[in-house]
S.K.: 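Sharing a structure below in structure tokens format, with a few things to ask.
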Amino acid sequence: MFGVPVFLSASWLLLAALVVYAYGGIVSDHLPELGTLAAYGIALVFVFLLLLSVLLHELGHALVCRRFGIGVRGITLELLGGYTEMESEAPSPKAEFLVAAAGPAISAVLGGGGLVWLLSTDPNTVGRELAFQVAVSNLLVAVFNMLPGLPLDGGRVLRAMVWGFSRDQHLGTIAAGWTGRVIAIAVAAVAAFGVATGWLTLFGALFTGFVVLVLWTGASSSIRAGGVMRRVPAIDLRALTRPLAAVPSGTPLSEALRQAAAVQAGGIVITDSSGTPIALVRWPAALAVPAERRPWLTAENVARDIAGVQRLSIGMDGAAVAAVVRANPAGEYLVTDGQDVMGVLRTEDLAAMLEPRRQRK
């Protein structure tokens, strides 16, 4: 829609089945003259109205993204609603604020439209029943999504505000992640109270528990990502680069590893007869070879062509290094200065620098 790919997750079918099952019984109670089959048919119509509402909510995000030059990979509709996948972060606090607020604003408008529809219909009619559900569901989505904690839209609004005041986007991410955890705990507490007092059914409690898990996981991921990104400018490629041990083609793996250990190298490069690097040993694969087999294998058996190894220039700053690593995931990267190979950057060294607490655990 509008050039944005829309995907329907298989999990949405589960949501549809649950809503039809739960809401069909409610319609049957409210309008007993319809009969059971018609009641569940109305429930199915409501499911598709709900799907359309979520799609319009996500389109709000997507179209505002485009307004600020942010690419959109697609919209996915799933069990808990949907999400819009952006190609990059918002370029400014203003863009972040407006992109985040667009979805709940659309839901609020749809909820208001549902209220107008509700007031214009007669009591005890199919129209009144559908109008009530459309109004309530959209207004609930708008209000819940604006709670100020990630991964909710309100969390992104809070992140934009903290970013705008502090000039630190990642501080905003961390702050909104922590408030997201608080919201997850609050929702869990409300659910526990509902179960204890009997107004929340077992199904409702299970579904709410799933929502709490998603909220907690998303908030925790945001806190972690914010912490990592705040350390990105401190990446010092010269300090993180490990030296390479150079061995000639045909060297037994055991001897190549011995030479690497002798100079405390972080990797092994294989050279041809003229001393030109031709291959890089895949370090984890080399260490995984049993010690008794290493003398009978050459280093080439666990190496790859050096032309296929991603390179990093020694002069790159932290943001540039992080961008390359994010776009080209690998276990090691050649660090070069012009045409000269300076050494190797190992992913675990970068991870230890960016997440020191996680590495200690």
Side-chain angles (χ1 to χ4, degrees), residues 1-9 52-78 80-110 141-142 145-177 179-180 218-219 221-235 310 312-313 315-329 354:
M1 297 183 69
F2 302 100
V4 178
V6 179
F7 304 95
L8 190 65
S9 168
L52 178 61
S53 297
V54 174
L55 175 58
L56 292 174
H57 175 109
E58 297 303 327
L59 274 173
H61 291 309
L63 296 180
V64 177
C65 279
R66 287 189 165 181
R67 168 67 179 78
F68 287 98
I70 305 169
V72 178
R73 292 194 178 96
I75 291 171
T76 300
L77 307 176
E78 56 168 8
L80 288 183
Y83 61 89
T84 300
E85 187 179 3
M86 302 187 301
E87 292 180 351
S88 61
E89 293 285 348
S92 67
K94 177 183 176 181
E96 176 79 357
F97 182 95
L98 293 176
V99 168
I106 294 293
S107 294
V109 169
L110 292 173
V141 166
N145 261 279
M146 281 306 292
L147 292 176
L150 288 171
L152 300 172
D153 292 331
R156 294 181 60 195
V157 168
L158 176 62
R159 175 169 64 184
M161 295 172 66
V162 174
W163 179 8
F165 283 112
S166 68
R167 305 301 178 188
D168 186 340
Q169 178 184 9
H170 309 307
L171 176 62
T173 300
I174 294 170
T179 58
S221 297
S222 298
I223 294 169
R224 177 187 173 194
V228 168
M229 294 307 296
R230 291 192 85 187
R231 296 187 183 95
V232 163
I235 294 174
Q310 182 66 44
L312 300 169
S313 173
M316 281 182 169
D317 62 16
V321 171
V324 172
V325 170
R326 190 162 48 241
N328 304 276
L354 292 174

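Since the structure is predicted, the reported quantities are computational estimates derived from the model, not experimental observations. All heavy atoms count here, side chains included; hydrogens, waters and symmetry mates do not.
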S.K.: Please report the shortest heavy-atom distance between Ser222 and Gly177, naming the atom on each side.
M.R.: CB-CA, 4.3 Å
S.K.: Can you find a pair of side-chain heavy atoms, one from Leu77 and one from Ile75, that are under 4.5 Å apart?
M.R.: yes
S.K.: Only distances under 3.5 Å count here; give the side-chain donor-acceptor pairs of residues 80-88 to other protein atoms, sequence neighbours excluded, each with its distance to 0.1 Å.
M.R.:
residue : atom : partner : partner atom : Å
Thr84   : OG1  : Glu58   : O            : 3.3
Thr84   : OG1  : Glu58   : OE1          : 2.7

S.K.: Please identify each residue that fulfils side chain to side chain contact (heavy atoms under 4.5 Å, CB included) with Leu110, with sequence neighbours left out.
M.R.: Ser53, Leu56, Ile106, Asn138
S.K.: Output all residues satisfying salt bridge (charged side-chain N to carboxylate O under 4.0 Å, His left out) with Asp168, sequence neighbours left out; order by chain, then residue number.
M.R.: Arg230
S.K.: Of all heavy-atom pairs between Ala100 and Arg156, which one has the smallest distance, and what is that distance?
M.R.: CB-CB, 3.5 Å
S.K.: If we ignore hydrogens and angles and just use 3.5 Å, is the side chain of Ser92 paired with the main-chain N or O of Ala95 as donor and acceptor?
M.R.: yes
S.K.: So which atom in Ala62 and which in Val4 form the shortest heavy-atom distance, rounded to 0.1 Å?
M.R.: CB-CG2, 4.3 Å
S.K.: For the atom pair CE (Met146) and CG (Asp153), what is the distance rounded to the nearest 0.5 Å?
M.R.: 7.5 Å
S.K.: Would you say Ile235 and Leu354 make side-chain contact, with heavy atoms under 4.5 Å?
M.R.: yes
S.K.: Compare every heavy atom of Ser9 with every heavy atom of Glu78, then report the nearest pair and how far apart it is.
M.R.: CB-CB, 3.7 Å
S.K.: Between atom CZ of Phe97 and atom CG of Leu158, what is the distance when rounded to the nearest 0.5 Å?
M.R.: 11.0 Å
S.K.: Between Pro104 and Asn145, which heavy-atom pair has the shortest distance, and what is it?
M.R.: CG-CB, 4.1 Å
S.K.: Which value, rounded to the nearest 0.5 Å, describes the distance between Ile223 atom CD1 and Thr179 atom OG1?
M.R.: 8.5 Å
S.K.: With sequence neighbours left out, write down each residue that passes side chain to side chain donor-acceptor pair (under 3.5 Å) with Ser166, or none if nothing qualifies.
M.R.: none
S.K.: What pairs meet the ring pair (Phe, Tyr, Trp, His ring centres under 6.0 Å) rule with one or both residues in residues 53-72, with sequence neighbours excluded?
M.R.: His57-His61
S.K.: Report the residues that fulfil side chain to side chain contact (heavy atoms under 4.5 Å, CB included) with Arg326, sequence neighbours left out, ordered by chain and then residue number.
M.R.: Met229, Ala322, Ala323
S.K.: Restricting to non-hydrogen atoms, name the atom on Ala160 and the atom on Glu96 that form the minimum distance, rounded to 0.1 Å.
M.R.: CB-CG, 3.6 Å
S.K.: Go through it in stages, so that I can follow the logic: the residues are Val232 and Val321, the test is side chain to side chain contact (heavy atoms under 4.5 Å, CB included), and I'd like the CA-CA distance, side-chain angles, deciding distance and then a yes or no.
M.R.: CA-CA 9 Å; Val232 163; Val321 171; over 6 Å; no
S.K.: How about Ile70 and Pro91: do any of their side-chain heavy atoms sit closer than 4.5 Å?
M.R.: yes
S.K.: For Arg231 and Gly227, indicate whether the former's side chain and the latter's backbone hold a donor-acceptor pair under 3.5 Å.
M.R.: yes
S.K.: Ala142: what forms a side chain to side chain contact (heavy atoms under 4.5 Å, CB included) with it, not counting sequence neighbours?
M.R.: Ser107, Ala108
S.K.: Restricting to side chain to side chain contact (heavy atoms under 4.5 Å, CB included), what partner residues turn up for Phe7, sequence neighbours left out?
M.R.: Pro5, Thr76
